[in-house]
Structure formats: C-alpha cells, structure tokens
Amino acid sequence: MDMSLQSVLQSRLAMAAERAGIDASRASVTPVTDIRFGDYQSNVAMVLSKELKKNPREVASSILSYLEVQDLCEPPTIAGAGFINFKVLNTALSDAVNAIRLDEQLGVVMAPHSKTIIIDFSSPNVAKPMHVGHIRSTILGDSLARISRHLGHRVITDNHIGDWGTQFGKVIYGWKHLLNREALEKGPIAELVRLYREVNALEENDPSLRETVRHELVKLQQGDPDNLKIWEQAVALSWKEFERLYGLLDITFDERLGESFYNDALAPLVERLLVDGTAEISEGAVCIFFKDNPALEEKPCLIRKGDGGFLYATTDLATLEYREKRWKPDSVWYVTGAPQQLHFEQVFAAGRRMGVKTDLSHIAFGSILGEDRKMMKTRSGENVELGGLLAEAIERALSVVAEKNPDLPKGEQEKIARMIGLGAVKYADLMQHRLTDYVFSWEKMLSFQGNTAPYLQNAYVRIRSIFRKGDSEGVNVSLSPIMISDPAERALALKILKFGETLHSVMEDQRPNLLCLYLYELADTFHHFYEACPILKSDGEIRSSRLALADLTAKVLQTGLSLLGIGVPERM
RNA sequence: GCACCCGUAGCUCAAUUGGAUAGAGCGCUUCCCUCCGAAGGAAGAGGUUGUGAGUUCGACCCUCGCCGGGUGCACCA
C-alpha cells in the first residue's frame, strides 16, 4: 500500500494542473467538509487564482479539462467559489478499502524521510513522588513516540530525571540521623519525602542546622564516598517506584540519562564558552546574551551562578551537546509544561549560538486543573500523587465493570478495569489540544458516553461480540471482499481511508488530539453503520462484506488506540 | 512594566492550519429495545467565535488596537 485514494486523486489533479500550465506543487485534495459536496474536495483553483489573477472558477475548469479520473469517480464538479468536488465510485471505494484490509499498515504511508527524533519526557525528580505535574508529559511524550515510530522514524526516548538537586542535602542529613529502615522498605519514596520534610522542619526551628545540611550537599558534590552511597541508594529506590508506574502505564524509555550524568561536563562547558566568547561574566554570573534577538535582548541565559554553582540551563546545554554527538538527531522534542517556554527559548538560542543546527522544539502543554478551575491539588494543598491517582482510576473502573458484567471472573474484571481506568486517564489528557489547560473529572473520563476511552473501547468490544455471536450461532463469519453500496457503508469506508492522513497531521504539530478526534468519529460512523446495515441478519456476500468492514474498523480502532498507549479488551 | 498562552452553545472542548451553512459531548425536550450489547441510535432547542478595525473572492484562524483570565521574566528545576 503506497498510495491512498486521496493521494492518487491529488497526483492526478497535479498532473492535470501541470498540463493546464499551472503551478501544480500546491494541488491538495482533502476529505469534504460536508457530505453534500461529495467525498473529496480541492481548493487549488482558489489558492492559485490569486497569483494567476484569474477567476477561480475559470482556473478550476481549465484544470478539469485535463483531469482524468473516470476510473475513480464520477465527473468532478465545480461548486461555490471554485471548489472541485469528487464523488468516488463505489467500485473504486471498495477497491481502496480492500487494499487497506490486506495491508499490515492499514493504509498508513511511511514518512518519506525517516528522521532521528529524540523525545525528552516525563522527567520526575528523585526522592519525590511522581505527581499530576508529570502526567501530561509522560502520556503525551509516550504517544508521540509511538506515532513517530509507527510512521517509520527512528525515535530515542530519554527520561532526563532530576537526580541531582539541592534536595539531597536534606535527604542525606535525614538519612544519617532520622532514617526508618522498615518504612524505607515499605515505601521508599514516602520515607525519603518524610526525611526531607522533617529536616526542613528542624531547620525552621534551628537555623544553625542549615549550615550542616548544606555541608552534606557540598560533600556529595565533592564526591564523599558515604554521601555518594546514600545518594545512589536514594536514586535506585526512586527508580524502582518510577518503573512500577511506567510498567503499569506500559511506557518504556530507551535512555534514562538523568541530570547527574552530565555533572562532569558542566565546568568544562562553561569554561569553553567563556573562552570562545559565547558567554561572558555579568554581575558575577556567567551569562549568554542575545543582543541580536529583540525578544531575548534582556533575557540572558545564565549558566553559572555567582557562587560557582550550575543551573538548569547548564545541564540542558550539556545534554544537548551529548545528544548531538551521540545520535546526530534531526529533531529534539522537549515535552514539558508551557510555563517553561522562556527557558527553552533561551536554551535553544544558546544552542544555536554554539552551532547546533538540529531542529529543537518545545512541545508545550497546559496545566491540569481541579474542579475549582485552579491548579489541581489535594485538599491539604499538595500535589496529587500519580500512583494514587492511577489506583483510583482502576478502582473506579472495576466497580463499573463489576456492576455491568458481574458474571466475568474476578481476575478478568481486574484486567479489564486496568485497561479502562488507565485508558480513561490517558485519553482524557490526549483528546484535548495540548496547549489548553484541562479540568480533571473522573466522571467525564470514565463515562461510557461521549468522547472517552471507554466509549471507544466499547465500540471495539461491540464489534468483537458480533463475531462471537455469529460463531456461537453457527453463522459463517468468514471474511470476503468488501463491497460498498449503502451510504452508511460509504461513510465508514471513507472514514477508514482517512486513518493514514490523520497520523501525518498529528506529526505536523505534535497533536495526538487529532488522532483522538479521528477515532471518535470512526466509532461514531461505525455506530451509524451498525444501526443502518444489519450484519449477521443479512445474507451471503453482503453479510461477509459487512463482517469484513466491521473487522477492519476494529483493527483501525485497536491500532489507533495503541498509538495513544491505550489497550482494548475483548469484552467489558 | 515586558513577553508568551488562552477567550467559541448554560458547562467541558473541536474545527483537516485561509475554505462552502462554526461542530461534538455533558445537561435540557421528545422518540426508538419481540431486532447483531440501549455501555447504542434518531430528532429538537441552544452562537454577533471577548471586542473594534484591517488584509481578500472568503477570517474562529493572518495583522494592529483594546477588554478579560492564566503563566513566566538574573543567579530554583
């Protein structure tokens, strides 16, 4: 499968335009906005009429006079201001859907140039629990990685965890004086957090302690063996808990190079930039100024503090250099929240100053809000922990499954509940435009109605149940060629053909919400088909054709959801 | 003060990147289970796309000015 129906029409149109002596490079064909106009439409004539200084309808008609598509559709028409409309023949539509059925990629065309893309996401902090703040980065980053890979790109996912912060002064002091071994084994991160808080409180009461705690941090940074050992254990214990959550979410990383990995590179990097004149000292700090960039003119990028310490940006630049050298990427995507935009503008500008040519993107996203429309927090004002949140999602899903399907064995109910609960959390996040803040609502994300994961999973389950039913009743459920004739079949077939294009449009702006929208429309279109066209109750070729169409729909649903990191159960 | 993001139906959000009469879900009003899962479907009400100009065949989308909300802005990450 190398050409979709849409792209065939597009290239025919381009050929016709060329013969008409018109620049054909921008000839594009898209699905119609309204079924009354046919199946596909093109607005080339209107786009080009401006520069040709001709009437758009005239341009359209001159293109049409050279257009040969009689094997694919009815004679194209000119409508409105100069749209060219296509109504695909049932035979051509049937052929196109049958081709997709036999294609492992379901009609998805590989990206013409495979790129190396590094995706930097999730990045929790050691000795702290993962919380809602990490949800979007983790889910969005994972989905983008899956989609990029599916389109044939070489993807490197890297979890740049915060394993080298100032918090370690407190953690180490606490470890030495206040550690509860038993608690550490039961819940490592909870115990590390307790140590951190307790030391914090002690410092409040006894400011003289502050110096001692700071000294523990300095010792760590200077390589003190005892402190290093404590640090290593804290990192390892934290990783264990992170991995449990990633396992639950079915998310993996190719690399896990945290901030500490770049420690040794920081001092030489700053020195080098000072020597070659990229950076300069200002008010005691080492800065990179951007005098040629009006937006950043007064926003220098600080890479070393007055006291000699390094900053967030320093590590990011060292990381960027390392990645350049090791992977020679075409793109690096940083999946972090919108508030960090200025920071990345500075880092990217500094990177370019250092000669980095790679395409660097900040894949920004909005915040998760509580029902009160303020940043989501617990009642006591703390961050909501991811582990607890996922557990609650599964628990809520389980009670729904147990209620609706009490006959299923307990073990299967739990398995299904995991898919529904985790799918709901992921989908609620991904279905929205990434830049808008979104309001977290259990009720909405777990609803079986509307644009939710459970609704889509249910559409899949419903199709599977047709086959189970057919099997049990001895109906022949073998699949034979799809023959499109009914309007509901046409609509479903056209929607299925749109799958590949949708994935490419997601990549244009890193927006999985377009895939969510597509899958929802697909499920919706299937339900129309399901109402209008009896499947098991029809006979012969029509039944096997409709079964095949339903089966193909299920495959696209399953594949699409898997690209969002969401699984489908066989029943629910 | 400056910069960035966002203002779309009562609520939560879309809109194929400048295309045809701005679409869904929730909620509301009516219908449809002797019929493949009603966990579904059909129909209806609901809009000056914050606001005022501009650009053009055509604007939710692009430009400029306002209004309202959020976030960030030199030694945290």
Side-chain angles (χ1 to χ4, degrees), chain A residues 28 30-34 36-37 41 43 46-47 49-50 55-57 79-83 85 123 125 162 164-167 259 282-287 294-296 298-307 309-313 315-316 336-343 345 364 366-367 369 373-375 400 404-405 431-433 435-439 441 443-444 447-452 454-455 457-459 461-470 473 475 498 501-502 505 508-509 513-514 516-518 520-521 524 527-528 530-538 546-547 550 571-572:
Chain A
S28 80
T30 59
V32 287
T33 51
D34 188 316
R36 285 173 306 142
F37 303 126
Q41 65 181 45
N43 59 7
M46 292 181 293
V47 172
S49 66
K50 198 171 286 184
N55 181 317
R57 292 185 70 107
F83 291 95
N85 292 333
S123 310
N125 291 312
W164 196 257
T166 47
Q167 74 266 32
E259 289 169 359
S282 164
E283 296 173 32
V286 178
C287 310
L296 294 178
E298 292 176 11
K299 312 274 180 219
C301 178
L302 270 70
I303 55 174
R304 195 174 73 197
K305 300 194 279 184
D307 68 3
F310 301 108
L311 296 113
Y312 185 24
T315 315
D316 272 353
T336 66
Q340 294 187 49
Q341 198 193 329
L342 177 60
H343 165 75
E345 268 177 46
S367 312
L369 308 179
R373 293 207 57 91
K374 289 187 181 152
M375 297 280 265
V400 177
K404 304 226 174 192
N405 226 330
M431 58 93 70
Q432 232 155 85
H433 189 121
L435 278 172
T436 55
D437 294 345
Y438 92 87
V439 177
S441 161
E443 211 173 306
K444 275 182 188 153
S447 167
F448 285 72
Q449 284 123 32
N451 193 358
T452 65
Y455 172 85
Q457 289 166 324
N458 180 58
V461 164
R462 221 167 157 177
I463 297 172
R464 302 311 316 156
S465 81
I466 297 171
F467 286 88
R468 271 201 302 277
K469 173 113 179 173
E473 292 180 0
V475 178
K498 215 180 139 184
E501 300 289 337
T502 302
S505 62
E508 276 174 31
D509 215 7
N513 72 307
L514 295 175
C516 295
L517 179 68
Y518 168 79
Y520 178 68
E521 285 174 356
D524 194 46
H527 281 128
H528 291 302
Y530 184 82
E531 289 290 321
C533 303
I535 300 173
L536 290 177
K537 274 175 228 135
S538 53
R546 286 179 178 170
L547 278 167
R571 58 184 85 214
M572 61 193 275

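Note that this is a predicted model, so its numbers are computed, not measured.
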### Gap between atom CD of A:Q41 and atom CG of A:D34 - 0.5 Å precision
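Result: 9.5 Å between the selected atoms.
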### Message
So, taking the atom named CG in A:L311 and the one named NE2 in A:H343, what distance separates them when rounded to the nearest 0.5 Å?
### Response
10.0 Å
### Query
Looking at the angle O4'-C1'-N9-C4 for a purine or O4'-C1'-N1-C2 for a pyrimidine, is B:rC5 syn or anti, with syn meaning within 90° of 0?
anti
### Message
Does B:rU51 count as syn, meaning its glycosidic angle lies within 90° of 0, or as anti?
### Response
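Anti, which is what one calls it when the glycosidic angle falls more than 90° from 0.
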Using purine N1 to pyrimidine N3 plus N6-O4 or O6-N4 for Watson-Crick, or N1-O2 and O6-N3 for G-U wobble, each under 3.5 Å, what pairs with [N]?
| N | answer |
| --- | --- |
| B:rU71 | B:rA3 |
| B:rU55 | none |
| B:rC13 | B:rG23 |
| B:rU49 | none |
| B:rC28 | B:rG44 |

### Task
Whole angstrom is fine here: how far is it from CD in A:E531 over to P in B:rG41?
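Going from CD in A:E531 over to P in B:rG41 covers 7 Å.
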### Task
Specify the separation, in whole Å, of atom CD of A:Q432 and atom C1' of B:rC5.
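So the CD-C1' distance, A:Q432 to B:rC5, works out to 15 Å.
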### Query
With the sugar-phosphate defined as primed atoms, P, OP1 and OP2, and the base as all remaining atoms, what B/S/- string results for nucleotides 23-33 of chain B, 5' to 3', for protein heavy atoms under 4.0 Å?
-SSS-------
### Task
Mark up nucleotides 69-77 of chain B, 5' to 3', with B wherever a protein heavy atom is under 4.0 angstrom from a base atom, S wherever such an atom reaches only the sugar-phosphate, and - elsewhere.
--SSBBBSB
### Message
Of the listed nucleotides (B:rU12, B:rU17, B:rG40), which one gets closest to any side-chain atom of A:E508?
### Response
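The answer is B:rU17.
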Under 4.0 Å, counting only non-hydrogen atoms across every strand here, what does [X] touch: a base, just sugar-phosphate, or nothing?
| X | answer |
| --- | --- |
| A:M431 | nothing |
| A:V286 | nothing |
| A:V400 | nothing |
| A:N43 | base |
| A:A364 | nothing |
| A:T436 | sugar-phosphate |
| A:C516 | nothing |
| A:D316 | nothing |

### Query
Considering only heavy atoms and no angle criterion, is a donor-acceptor pair shorter than 3.5 Å present between the side chain of A:N513 and the base of B:rA15?
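When only heavy-atom distances are counted, A:N513 does not reach the base of B:rA15 through any donor-acceptor pair under 3.5 Å.
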### Query
Does any donor-acceptor pair link the side chain of A:Q41 with the base of B:rA20 at a separation under 3.5 Å?
yes
### Query
Which sits closer to the 5' end of RNA chain B, A:H527 or A:K469, going by the nucleotide each is nearest to?
A:K469
#### Entry: A:R36 or A:S505, whichever maps to the more 5' nucleotide of RNA chain B
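Checking each residue's closest nucleotide, the 5'-ward one belongs to A:S505.
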### Query
Taking all atoms of both residues into account, what is the closest heavy-atom pair of A:V461 and A:R571, and its distance?
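What the structure gives for the nearest pair is CG1-CA, 3.7 Å.
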#### Entry: Over all atoms of both residues, closest heavy-atom pair of A:L514 and A:T502
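The answer is O-CG2, 3.7 Å.
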### Under 5.5 Å and under 30°: A:F83 stacked on B:rG19
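By the stated criterion, A:F83 and B:rG19 do not stack.
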### Task
Check whether any side-chain N or O of A:H528 sits under 4.0 Å from OP1 or OP2 of B:rG40, and answer yes or no.
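Answer is no, no contact under 4.0 Å.
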### Task
For A:Y438, enumerate each residue passing the ring pair (Phe, Tyr, Trp, His ring centres under 6.0 Å) test, keeping only those at least two apart in sequence or located in another chain.
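If we apply the ring pair (Phe, Tyr, Trp, His ring centres under 6.0 Å) test to A:Y438, skipping adjacent residues, there are no hits.
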